[in-house]
Structures are given as structure tokens and as C-alpha cells.
A.B. asks: 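This is the structure, below, for whatever I ask next.
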2 protein chains.
Amino acid sequence: MLSNSSKYALKAVLYLTLHSDEKNKMMVKDISEKINVPKAYIAKLLQQLAKRKIISSAKGPKGGFYIDKANRNQPIIAIIEVIDGKRRIESCMLGLEDCNLHRPCPLHSLISPSRTKMIQLLESKTINDLAKDLELNKSFLPD
Amino acid sequence: MLSNSSKYALKAVLYLTLHSDEKNKMMVKDISEKINVPKAYIAKLLQQLAKRKIISSAKGPKGGFYIDKANRNQPIIAIIEVIDGKRRIESCMLGLEDCNLHRPCPLHSLISPSRTKMIQLLESKTINDLAKDLELNKSFLPD
DNA sequence: GAAAAAACATGATATTAATCATATTTAAGA
DNA sequence: TCTTAAATATGATTAATATCATGTTTTTTC
Ligand code: FES
Ligand code: FES
């Protein structure tokens, strides 16, 4: 469903949402340690996210990554789309080019409704929504 | 979600369900051509499925793979479990060891219900159920 | 009981995804 | 304006999947 990279990216973004803002930027090194993902690996992912404005960044001393107001209100799926691409999550279960309603594969009627639901939730829930759950101890960031 | 291998396996099993029985076995070569999957690749998958009794097989001249009555009534998920393993489909979205209800990851509440639903359907629908849909032109096997 | 036709077992190669490394650019602060 | 601290860009390596190849065993048929 999600690539490893997307999982890491999501962890990093949520961590940043809880622990950074315009005034408090975080360095790759610290993020990496806290979320337990190799530094060079998460660096690459964070750079991709920054380039696509999912998160914010500043170069130079006192620089780092952070999440600003606008970043916070983006849907979860934005992260996944940048890292995995839209296709991965929406593609046909049996490997058809597109999941085509006019010529559905044998699994389509079985799983399509559930998947559509999932995607809708990923589209409607924001980064901030998930961060709130974490703050309220309704959920937990895995090591 | 599903590996390529699982997708191929499922295609092959459904094709066999429609075109084989105890009296009419099919050789790898023919299956491979019909479902458009490389011969050596699908052969390996079919052998795994046969060893785990998901499908049937017979060696020697006039041998081949086929689906018998018992095979037909197995749940779809049996195929996926043999090829991908149970873990792949049930694992936590954020990469936790198990999807743990006592310490759910941030995505859990969002996607777990949909995923559970999907799994239940894969458990309850049989190979035969999907084959029926194909016969009635309610669904189609991808090339 | 020998020859051939099939699955079976095992291993090799190729492709993709995950991980690591390093040189370049930018901006802060002395 | 020089030094340094950070992200950025790019590419190299490693590991996991997907794909291909080939020798071995079983069973039919003559
Ligand atoms: S056509 Fe395959 S999942 Fe929709
Ligand atoms: S704990 Fe992550 S999906 Fe359930």
C-alpha cells in the first residue's frame, strides 16, 4: 500500500508538526534520531517534500526544516503523492493500467469501495488532524 | 498492497478455474500465454500454489495444473497468503511490527476499518465466486 | 522398460526500491 | 567579507523483487 519511504516521510512530517514552527526549525540530524530513520535517507525525503512545499525549510546556520500554518492544513495524501506518486495508491489491484470501471478486474467490486473510502479519508484529513490525535494520546508514533 | 506475484497468481488461478477441471489439465505454457505472464515466472508461482494445495497438479504426459471442487471453494486470501505471506496484507500502515490496537499509529483509526473490511471480503469470497463474476461478464481478466 | 512429456526444485540474472555518501549552494554571524 | 552551519543536488551502493534458465523427478504411452 504505502512504500517504506512514504511511511518514513509521514513519520517525519508528523514529528515536525509537533516539534517545529517558523521559530523553531529542526535539523535533519535531530529528526533522524528522533524518528529512528537513517539520516541520509530521511534527508532525501525531506528535501523532496520541501521542494513540493509540503514542508518548509531554510538553508544555512539556524536553518532546518519546519512546518508552518499553511503546511499544517494540507491533506495527508499530499505526502504520499509526492513520495509514491498518485498511481501507486490508485492503481488497479490486478495491475491494470487504470482501475477502469467499464472493464473492472475480478477484485474491483470487492475492494474498490474500501479503497475509495481510504483515499477519501487521506484526502480529507489534514496533517494537523493527525498531529492533534498524537497530542491527545489517541495515537502514537512508532519507533 | 498486493505484490506483482500475487496478482499474477490470482490471474492464473482464475483462468484455471474457468478453463480446467480434473479431466482437463492445462500446461504452464498455455496458461502463461493466455494470461500474458512469462512462462518461467508463472511456473514458479503455480508450483508454490500446488504445493500448498491451493491448486492441483499432475506430473508427466497428460499432466498439468487444474482446479478441482475443493480448490474452487477456497477463499481468495489463501492465494495471497501463499505468495505474499499473511504479514504483508495485515501489517501496520506505518511499519509497526503488528498493527497494535493498544498503541495505534496515527493512520490506524483512519484506514484500519477499511482495511479490515477488505480482508474480510478476501476471506469470505471464494475463488469460485470470482470465477462466476467473470462468467457472467461482471468482471474481466486483465491482459 | 525406454522415451517423452509434464511438473518440480533450485539457482542465476536483472530490475527496482531502499540506503548511504559527498560535493555544492545558501545564509547567518563574527 | 570570511567562516561555518545548514539544506540541496546528485550519484553510488546495497537489498529486495521480479524475471529467467536449467537440471531432476514422475508418469504416461508404446
Ligand atoms: S479494475 Fe482492478 S481494482 Fe479496479
Ligand atoms: S497500528 Fe498502524 S495500522 Fe494499525
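Proteins come first, then strands; the chains are lettered A, B, ... in the order of their sequence lines, and each starts at number 1.
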A.B. asks: At under 4.0 Å between heavy atoms, which parts of nucleotides 19-28 of chain D does protein reach? Answer with one letter per nucleotide, 5' to 3': B base, S sugar-phosphate only, - none.
C.D. replies: BBB---BBBB
A.B. asks: Report yes if some heavy atom in the side chain of Leu110(B) is under 4.5 Å from a heavy atom in the side chain of Leu122(A); otherwise report no.
C.D. replies: yes
A.B. asks: Mind calculating the distance between CG (Leu2(B)) and P (dT17(D)) to the nearest angstrom?
C.D. replies: 14 Å
A.B. asks: Could I get the full list of side chain to side chain contact (heavy atoms under 4.5 Å, CB included) partners for Lys86(B), not counting sequence neighbours?
C.D. replies: Glu81(B), Glu90(B)
A.B. asks: Given axes from five pairs at either end, by how many degrees does the helix from dG1(C)-dC30(D) to dA30(C)-dT1(D) bend, rounded to 10°?
C.D. replies: 0°
A.B. asks: Does any N or O in the side chain of Arg88(A) come within less than 3.5 Å of the main-chain N or O of Ile83(A), such that one atom is a donor and the other an acceptor?
C.D. replies: no
A.B. asks: Using modelled atom types and a 3.5 Å cut-off, is there a donor and acceptor pairing between side-chain atoms of Ser6(B) and backbone atoms of Leu2(B)?
C.D. replies: no
A.B. asks: If I compare all heavy atoms of Pro38(A) with all of Ser32(A), which pair ends up nearest, and what's the gap?
C.D. replies: C-OG, 4.0 Å
A.B. asks: If you take any heavy atom closer than 4.0 Å to DNA chain C, which residues from residues 10-28 of chain A end up in contact?
C.D. replies: none
A.B. asks: With a 3.5 Å distance limit and no angle check, can you tell me whether Ser57(A) reaches the backbone of Ala50(A) through a side-chain donor-acceptor pair?
C.D. replies: no
A.B. asks: Does the side chain of Met26(B) come within less than 4.5 Å of Ile31(B)'s, by heavy atoms?
C.D. replies: yes
A.B. asks: Calculate the interatomic distance between Leu45(A) atom CG and dT8(D) atom P; express it in whole Å.
C.D. replies: 13 Å
A.B. asks: Is it true that a side-chain atom of Arg115(A) and a backbone atom of Ser91(A) form a donor plus acceptor pair closer than 3.5 Å?
C.D. replies: yes
A.B. asks: If you measure only the distance, is there a donor-acceptor pair under 3.5 Å linking the side chains of Thr126(B) and Asn73(B)?
C.D. replies: no
A.B. asks: Return the set of residues passing side chain to side chain contact (heavy atoms under 4.5 Å, CB included) with Ser139(A) (not counting sequence neighbours), or none when no residue passes.
C.D. replies: Asp133(A), Leu134(A), Pro106(B)
A.B. asks: Rounded to whole Å, please give me the gap between CD in Gln48(A) and P in dA7(D).
C.D. replies: 16 Å
A.B. asks: When you check the phosphate oxygens OP1 and OP2 of dT8(D), does a side-chain N or O of Ser57(A) lie under 4.0 Å from one of them?
C.D. replies: yes
A.B. asks: Reading DNA chain C 5' to 3', which nucleotide is the first, and which the last, to come under 4.0 Å of any heavy atom in chain A?
C.D. replies: dA18(C) to dG29(C)
A.B. asks: Atom CZ of Phe65(B) and atom CD1 of Ile55(B): how far apart are they, to the nearest 0.5 Å?
C.D. replies: 5.5 Å
A.B. asks: Have Asn128(B) and Thr17(B) got a donor and an acceptor in their side chains that come within less than 3.5 Å?
C.D. replies: no
A.B. asks: Indicate whether the side chain of Ser5(A) and that of Tyr41(A) have a donor and an acceptor atom separated by less than 3.5 Å.
C.D. replies: yes
A.B. asks: Whole angstrom is fine here: how far is it from NZ in Lys29(A) over to P in dT4(D)?
C.D. replies: 19 Å
